[in-house]
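Only heavy atoms go into these numbers, but all of them, side chains included; no hydrogens, no water, no symmetry mates.
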Amino acid sequence: MGPSALSAPARRAFQAVITATAVLAALGLFVSACATGGTGARDEGPAGADAVAGKLKPTTPMASAYATPDDVDAVRLVLDDPGVAPSVKRALQPCVGDEYPVDVSYGDLTGGSGDDVVVNVMTCSDAVGVGSFVYREAGDGYRNVFRAEESPVYAEIDRGDLVVTKQVYKKDDPVTSPSGENVITYRWTAGRFTLEYRTHNEYSSAVDGADAPTTAPN
């Protein structure tokens, strides 16, 4: 039975169903367009740091054919970077198969045309950070604009700022139980990262043997 053979109330109900279906379809197309239109940023990892904030210099960027952040070979970025310490490069070896001990984050730290890349290099045995680096897109490659190589160190993106954490060990502290941490926040200003905040947290081992941080002014 077609819609023309229905009573007036039935026809109205039939038309309402068609209208609702059309609205839902249009909404689906709108949501899909929004999902594919943005670049977004992925923030990963814990934290770890007294660092060297590198100022952007007019040097030749490392060659790259990266089209999207997912295409960035973070391991190759670090190994090809002449500014990375040899000790960090030696630590950058596969742990199992072709799996390397690196954490990678993408996001807007420097206001460039593309996502910046934060790379943390760790040890395979206990995941202790041995180096943290930030690479900024430059032409057809990436340039190192920040490095911290005082282990243990870890860097991450937090609401557009670079947050670097360095764990603090006292004598006889095991690797898994530091006594505290220094948390340093950097912001990109006038072509370089400048220190914005510094916080020191001391851990307490009195609560069920677990570390509970207490913040101390610094």
So does [Y] get a backbone contact from the side chain of [X], meaning a donor-acceptor N/O pair under 3.5 Å?
X	Y	result
His200	Glu181	yes
Ser179	Tyr169	no
Thr185	Val163	no
Glu149	Val88	no
Ser132	Ala148	no
Lys89	Asp81	yes
Lys166	Val183	no
Gln167	Pro178	no
Asp116	Leu109	yes
Asp108	Gly111	yes

Spatial distance of atom [atom1] ([X]) from atom [atom2] ([Y]) [nearest 0.5 Å]:
X	Y	atom1	atom2	value
Ser105	Asp158	OG	CG	11.0 Å
Asp80	Asn144	CG	CG	12.5 Å
Arg76	Tyr100	CZ	OH	7.5 Å
Asp115	Thr110	CG	OG1	9.5 Å
Glu196	Thr189	CD	OG1	6.0 Å

* Got a sec, which residues hit salt bridge (charged side-chain N to carboxylate O under 4.0 Å, His left out) with Asp173, two or more places apart in sequence or on another chain? ->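 Testing Asp173 for salt bridge (charged side-chain N to carboxylate O under 4.0 Å, His left out), a comparison that skips the adjacent residues, returns none.
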Hydrophobic cluster membership, with links at side-chain heavy-atom distances under 4.5 Å among I/L/V/M/F/W/Y: are [X] and [Y] in one?
X	Y	result
Tyr197	Trp188	no
Val75	Val104	yes
Val118	Leu195	yes

Nearest non-hydrogen partners of [X] and [Y], listed with the distance:
X	Y	value
Pro94	Gly97	CB-O, 3.2 Å
Tyr135	Leu77	OH-O, 3.6 Å
Val128	Ser151	CG1-OG, 3.5 Å
Met122	Val102	CE-C, 4.0 Å

*Validation row: Tyr142, Val72 side chains within 4.5 angstrom (heavy atoms)*: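 Yes; the side chains approach each other to less than 4.5 Å.
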Ser87: side chain to side chain donor-acceptor pair (under 3.5 Å) partners, not counting sequence neighbours: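 For Ser87 there are no side chain to side chain donor-acceptor pair (under 3.5 Å) partners, ignoring immediate neighbours.
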| task | Sorted by first residue and then second, give each disulfide (SG to SG under 2.5 Å) pair with at least one member in residues 77-176; sequence neighbours left out. | result |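 Applying disulfide (SG to SG under 2.5 Å) to every pair that reaches into residues 77-176, excluding sequence neighbours, yields Cys95-Cys124.
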| said: Using side-chain contact (heavy atoms from CB on, under 4.5 Å), reason through Tyr106 and Ile157 one step at a time and then give a plain yes or no. | reply: CA-CA 8 Å; Tyr106 306 98; Ile157 301 171; 5.9 Å; no
